Amino acid sequence: QVQLVESGGGLVQAGDSLRLSCTASVRTFSHYGLGWFRQAPGKGREFVAGITWDASYTYYSDSVKGRFTVSRDNAKNTVYLQMISLRPEDTAVYYCAARYFATITQGTPQSLIEYWGQGTQVTVSS
């Protein structure tokens, strides 16, 4: 069983930066592909970023490409999402996710993702 806990969300102004963290309670963290999703009020959950087990590949949605960076530290069982130049439309609950021996990309059906965190709120004001 994998438990994921996000942190780092908050209330910021447009143009500010935030760094989200997600720590996994699991013995074999490197066996999992990781990703970030977000859900704005009244909307479905959408893909934001993904990273392979060894960080050899990263994936981003068009809406965040060039502004967000996903990284991981397997020694700390943690995946990060560095967000810069935040916009009001980035306001959402951000979730981290994990897949066993598989990658999370823009085309990954969410039904195939086994593990989800409970989310951290990011609010960007104008």
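Here the structure is a predicted model, which is why all the values come from computation and not from measurement.
Here the side chain of Glu6 pairs no donor or acceptor atom with the backbone of Leu20 at under 3.5 angstrom. At distances below 3.5 Å, at least one donor-acceptor pair connects side-chain atoms of Asn74 with backbone N or O atoms of Trp53.
When side chains are defined from C-beta on, Trp36 counts as touching Cys22, because their heavy atoms get closer than 4.5 Å. Within the 4.5 Å cutoff, the side chain of Val64 has no heavy atoms near those of the Met83 side chain. Looking only at side-chain heavy atoms (C-beta outward), Gln121 and Thr91 come within less than 4.5 Å of each other.
Interatomic distance, CD of Gln3 versus CD of Gln118, reported as 9.5 Å (0.5 Å rounding).
The shortest non-hydrogen separation linking Cys96 to Val79 is CB-CG1, 4.5 Å. Contact record, Ala40 with Ala92: N-CB, 3.7 Å, taken as the closest heavy-atom pair.
Taking a 4.5 Å side-chain heavy-atom cut-off between Ile, Leu, Val, Met, Phe, Trp and Tyr, the cluster of Ile113 extends to Phe37, Phe47, Tyr57, Tyr59, Val93, Tyr95, Ile104, Trp116. Applying the under-4.5 Å side-chain rule to Ile, Leu, Val, Met, Phe, Trp and Tyr, the cluster around Leu11 consists of that residue alone.
Both Tyr100 and Phe29 are assigned to one and the same hydrophobic cluster, defined by single-linkage of ILVMFWY side chains at heavy-atom distances under 4.5 Å.
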Q.
Before you tell me yes or no, could you show the steps for Thr103 and Thr105 under side chain to side chain donor-acceptor pair (under 3.5 Å), namely the whole-Å CA-CA distance, both residues' side-chain angles and the distance that decides it to 0.1 Å?
A. CA-CA 6 Å; Thr103 304; Thr105 72; over 6 Å; no

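Of the candidates Leu34, Val2, Val26, Val2 is the only one forming a side-chain contact (heavy atoms from CB on, under 4.5 Å) with Tyr115.
Screening residues 75-89 for side-chain hydrogen bond (donor to acceptor under 3.5 Å, both in side chains), with sequence neighbours left out, gives Thr23-Thr78.
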